[in-house]
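These notes concern the structure reproduced below.
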Number of protein chains: 2
Amino acid sequence: MSPRRVPVSRRERPAKAALSRAAVIAVALRIMRDEGLEKVTMRRLASELDTGPASLYVYVTNTAELHGALLDELLSGLEPPAAGIAWRGGVVALLSQYTRLLFAHPSLARSVLTLRPSGPNYLRFVDSLLGLLLAGGVAARSAAWGVDLLLQLATATAVEQGTRDRSADAEGEVYLQAMAVREAAVAEYPSIDRVRDELFSGTGEERYRFAFDALLDGIAAAR
Amino acid sequence: MSPRRVPVSRRERPAKAALSRAAVIAVALRIMRDEGLEKVTMRRLASELDTGPASLYVYVTNTAELHGALLDELLSGLEPPAAGIAWRGGVVALLSQYTRLLFAHPSLARSVLTLRPSGPNYLRFVDSLLGLLLAGGVAARSAAWGVDLLLQLATATAVEQGTRDRSADAEGEVYLQAMAVREAAVAEYPSIDRVRDELFSGTGEERYRFAFDALLDGIAAAR
DNA sequence: ACCTGAACACCGTTCAAGT
DNA sequence: ACCTGAACACCGTTCAAGT
């Protein structure tokens with residue numbers, strides 16, 4: 001005889017929270033912070049919200065759109081640069097916050113690269129960057145195109161560095177590439193040979209700073 | 001009574017080609033060219049090669065490593081810049097070939113961004129770029145770090161543009177962002193308002209050229 | 001030693017059929 | 001009108017058990 005199954009009383013299970021876009025995004029944010037974006041799947045979200053994956057499509061268009069919402073959520077925490085700060089210092093301050101944000105969520109960075117974010121916090125962020133460039137005397141077109149470029153640099157850097165830091169496979173690749181470069185025959189790759197050491201020199205921070213300065217100089221000087 | 005099953009003669013089925021790394025990569029290349037990298041899955045590859053997916057792991061480490069091999073295969077077709085060409089023209093010529101290659105395979109570009117390619121053709125490509133920069137009088141460190149940056153720009157651009165051109169979803173996003181920017185309240189986003197038109201101006205080609213020039217100027221001028 | 005069937009542990013998205 | 005069970009059409013990778 002199987003024991004009589006005692007039904008779980010309504011009280012023991014927390015009341016099923018009402019579904020809403022806000023609820024979906026809140027759960028997604030929590031999972032992303034605790035376990036990474038990889039774990040933020042429609043199925044996982046649905047099961048945490050006590051429903052089936054199909055139900056989520058009432059509140060989000062698809063995975064890409066959800067990722068856009070997560071980005072905007074993260075950007076709500078950006079500190080505006082101090083009033084009166086020099087324009088270049090302001091750009092550095094803003095962009096490095098953005099980069100740090102994405103470094104913490106490299107797979108979100110991957111998504112962002114193929115997204116056209118359009119949330120209010122993203123627009124505010126772009127507006128601040130534009131304002132600083134314009135205040136620095138950068139021409140309207142250079143400022144507009146340059147902001148795109150600076151954001152692309154920051155995002156791509158987060159994708160590159162972030163993913164590599166986290167995955168064991170990627171470490172194997174770094175190792176392989178380093179070996180390949182170090183062993184590259186002098187005769188076949190003479191230029192690699194000439195700058196061999198510089199190819200691996202510098203910290204991530206130094207290289208990012210170099211990249212940022214080069215790009216900003218180029219943008220500011222654009223005819 | 002079920003009809004006697006006549007065994008297919010060996011002649012009627014093409015002899016099962018011997019598995020090898022070269023065979024795997026050849027099939028992968030064909031599928032990528034004809035149907036896009038998305039279709040190059042271990043399962044699809046295995047079925048085309050008349051085996052199970054597990055067997056492929058004898059010849060490739062994993063999907064990322066396979067993508068690296070595909071990149072190197074594509075790079076074998078790069079034309080070296082004409083001898084005696086000015087260094088900057090050479091860099092343009094090489095990088096635009098690379099960019100064009102990745103534009104045709106945007107999802108490969110996505111993979112490349114998280115890869116450390118180390119194939120012979122990639123090394124040769126990097127070596128040529130380095131040689132041109134050094135010939136142009138760029139300092140060793142700026143050349144080494146700059147090559148990384150130029151490749152990142154080209155790859156990230158291919159990811160952004162490529163993916164967007166191809167997907168219907170992405171078009172929706174572009175539209176959404178354009179709407180958001182056009183409707184951005186003047187009071188809330190004053191700088192966006194000031195350069196509104198420039199945010200959408202220019203062809204992809206013009207913007208890429210701007211990006212490339214800005215970056216190369218910045219690298220060449222780096223202290 | 002080399003190879004692989006079958007399994008493990010998942011995915012995103014759609015749509016007919018509920019309530 | 002709003003919601004969702006179930007299905008569709010897949011994934012990459014591992015490993016025990018072959019030959």
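Because only heavy atoms are used, hydrogens play no part in the values below, and waters and symmetry mates are left out as well, while side chains stay in. Letters A, B, ... are given to chains in the order of the sequence lines, protein chains preceding strands, and every chain is numbered from 1.
In this structure, the CG atom of B/D50 is 13 Å from the C1' atom of C/dT4, given to the nearest Å. Distance A/L66 CG to C/dT13 C1': 14 Å, rounded to the nearest Å. Atom OH in A/Y59 sits roughly 17 Å away from atom C1' in C/dT13 (whole-Å rounding). A/L45 has its CG atom 14 Å from the P atom of D/dT4, to the nearest Å.
Counting heavy atoms of neighbouring residues, nucleotides and ligands inside a 6.0 Å radius, atom CZ of B/R30 exceeds 12 of them.
When the C1' atom is compared between D/dT14 and D/dG18, the two are found 16 Å apart, to the nearest whole Å. For the C1' atoms, the distance linking C/dC15 with D/dC2 amounts to 14 Å, nearest Å. Atom name C1', nucleotides D/dA17 and C/dA1: the rounded distance is 14 Å, in whole Å. Rounded to whole Å, the P atom of C/dC8 lies 22 Å from the corresponding atom of D/dC10.
Closest approach of A/I219 to B/A214, counting heavy atoms only: N-CB, 3.9 Å. The two atoms that bring B/T114 and A/R110 nearest to each other are CG2-NH1, 2.8 Å, heavy atoms only. Nearest heavy atoms, A/P53 versus A/A46: N-CB, 3.4 Å. Minimum interatomic distance between A/Q97 and A/G77 (heavy atoms only, all atoms of both residues): OE1-O, 4.4 Å.
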Summarise protein proximity over nucleotides 5-12 of chain D in one line of letters, 5' to 3': B for base, S for sugar-phosphate only, - for none, counting protein heavy atoms closer than 4.0 Å.
-> B-BB--BB

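B/R207 has no carboxylate O lying under 4.0 Å from a charged side-chain N of B/E160, or vice versa, which leaves the two without a salt bridge.
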With Watson-Crick and G-U wobble geometry limited to distances under 3.5 Å, how should the secondary structure of DNA chain C be encoded in dot-bracket form, using | for bases paired to another strand and [ ] for crossing pairs?
-> ||.|||||...|||||.||

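Among the candidates A/D127, A/L129, A/N121, the single residue satisfying the side chain to side chain contact (heavy atoms under 4.5 Å, CB included) test with A/F125 is A/L129.
Between the OH atom in B/Y59 and the CG atom in B/L19 there is a gap of 4.5 Å [rounded to 0.5 Å].
Between the side chain of A/W145 and the backbone N or O of B/E198 there is at least one donor-acceptor pair closer than 3.5 Å.
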